[in-house]
There are 2 protein chains.
Amino acid sequence: MATKAQATRERILDAAEALFAAEGYAAVTVRQIMKRAGADVALAYYHFDSKRDLFDAVLMRRAEHLNAVRLEALDEVEGRHSDDAPTVEEIIAAFTNPLLDLLAEDHEAWHHYMALIAQVNNSPEWGGELMTRYFDPLVRRFIEALRKALPHCDEAEIFWSYHFLSGALTLTFAETGRLDNLSDGVCRSSDMASIAERMPAFLAAGFERLCAPTTKE
Amino acid sequence: MATKAQATRERILDAAEALFAAEGYAAVTVRQIMKRAGADVALAYYHFDSKRDLFDAVLMRRAEHLNAVRLEALDEVEGRHSDDAPTVEEIIAAFTNPLLDLLAEDHEAWHHYMALIAQVNNSPEWGGELMTRYFDPLVRRFIEALRKALPHCDEAEIFWSYHFLSGALTLTFAETGRLDNLSDGVCRSSDMASIAERMPAFLAAGFERLCAPTTKE
DNA sequence: AGCCTATTTCAACGCTGGTTGAAAGACAAG
DNA sequence: CTTGTCTTTCAACCAGCGTTGAAATAGGCT
């Protein structure tokens, strides 16, 4: 059992996660990471192949857990509706609530991770490929569920709606402080209860409006 | 008329904009920028104080124009409604349509700019401060207009809704290719007509749902 | 013509980046 | 105690970074 080495490996990942989240991949040096982790620089290259490999490991580590709990939440919602389909808002809540739970459990860690994901999602260099690699299977399951909840809805409307959702979600969970500045303190980015109350409702309304058979021929 | 030097200055800004948009501030070197601009490295430091100053100049250059045309669009919408208030969707369209117009005029340039803004908006390091510095006056005007269109609505609901809008908008205009991958080609990030048809409607529905006096006491 | 200023080039400085090879330490098995 | 493997440290390499000072060029005044 290499439990001691595993622990340092985790410390390295934690340090890298925090720094990458705060300043972005390129702005952070391996030396900074290892200083924060309290270990020698060269040790990074014992546990990981390269800086880039370390970055991938940071992304991977929590992606698996996150996908698992979200899948569970979706299954739970679908299980509650054995005959009818869940509402759009319920499905979206199954997508966002697990995040809120994880943030409640360990805000520090998951907050860093979410801030990092927001940057990746919005990067032309990485957004296309990395988000697809780490999250696509789960997202496709959610889109499947949404399609059932909106049976008369075009495929394109659902994909576009999901894309709007993705942008709103990643920015919101990134907690950049923008909202705090803009609202002069009326709203706080870190107020998870406010997010839980508002985000699923807001987004569900968007889905339903786009999928309503109104103006389009 | 320093028209010749102005032209090189613009070429430097164009090159910097494209590279910063594609790879982020820290990943891009001044040498790369000047190579793309077809000029000597040192010339960057004749026209700008530092790499960071160049970055600010890139952001500033189009921000002013963008704010101006958006303000014009909002004034135009409000002018059309001298007695009643414009609808939420009209106001949001006044926020997004100018972007679509600019992209139609010169896609290359404005696409780079939007991709850059998406990264800034989602960065904890810059999102709070820079977005506030460059866009706040305009955003506050829009929020004012929205407040009039939703007179019974809480301030907090409007700020949160705007925040969701901001995330959806910046990711969408960043055109990262994520949507293309996810939808297996059914939707294309670069399809501006699809955005124009769907985004204002989607977001307006969200605003209206959050501001509807239903469940909240 | 010569001059003056605005612009552009050249060559370099000091420093830090990611990365590595070899040596040292820890520690379990024999 | 010795051996061997896993983990950690030390010291260094070299390419490339942001930045600068001084020299070259260009182009409008007088």
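Worth saying up front: this structure is predicted, and the values here are computed from it rather than measured. The chains referred to below are lettered A, B, ... by the order of the sequence lines, with proteins before strands, and numbering in each begins at 1.
- Taking atom NZ of residue A/Lys35 and atom P of nucleotide D/dT8, one finds them 20 Å apart after rounding to whole Å.
- Nearest to the side chain of B/Ala39, among C/dT9, D/dG18, D/dT9, sits C/dT9.
- B/His47 has no side-chain polar atom (N or O) that falls below the 4.0 Å cut-off from OP1 or OP2 of C/dA6.
- For the pair B/Arg9 CZ and C/dT8 C1', the computed distance is 16 Å after rounding to whole Å.
- The CE atom of B/Met34 sits 13 Å away from the P atom of D/dT19 (whole-angstrom rounding).
- In this structure, the side chain of B/Lys148 does not engage the main chain of B/Pro86 through any donor-acceptor pair within 3.5 Å.
- Looking at the side chain of B/Asp40, the nearest of the listed nucleotides D/dG18, C/dG18, C/dT9 is C/dT9.
- With hydrogens and angles ignored, no donor-acceptor pair under 3.5 angstrom links the side chain of B/Arg31 to the base of D/dG16.
- Contact check, A/Tyr46 against D/dT7: a side-chain N or O comes under 4.0 Å of OP1 or OP2.
- You'll find that the side chain of A/Tyr45 is closest to C/dG18, out of D/dG18, C/dG18, C/dC10.
- Between A/Arg147 and A/Glu144 there is a salt bridge, since a side-chain N of the basic residue sits under 4.0 Å from a carboxylate O of the acidic one.
- No donor-acceptor pair closer than 3.5 Å links the side chain of B/Tyr162 to the backbone N or O of B/Val139.
- The CG atom of B/Leu54 sits 12 Å away from the C1' atom of D/dG18 (whole-angstrom rounding).
- Proximity of the aromatic rings of B/Tyr134 and B/Trp126 is defined here by a centroid distance below 6.0 angstrom, and this criterion is not met.
- Phosphate proximity of D/dT8 to A/Thr8: present, with a side-chain N or O under 4.0 Å from OP1 or OP2.
- For B/Leu43 and D/dT19, the CG to P distance is 15 Å, given to the nearest whole Å.
- Straight-line distance from the CD1 atom of B/Ile12 to the P atom of D/dT19: 14 Å, rounded to whole Å.
- Counting to the nearest Å, the P atom of D/dG18 and the CG atom of B/Asp53 are 14 Å from each other.
- Taking atom CD1 on A/Ile33 and atom P on C/dT19, their separation rounds to 11 Å, with Å as the unit.
- Of the charged side-chain nitrogens involved, at least one lies within less than 4.0 Å of a carboxylate oxygen, so that B/Asp14 and B/Arg61 count as a salt-bridged pair.
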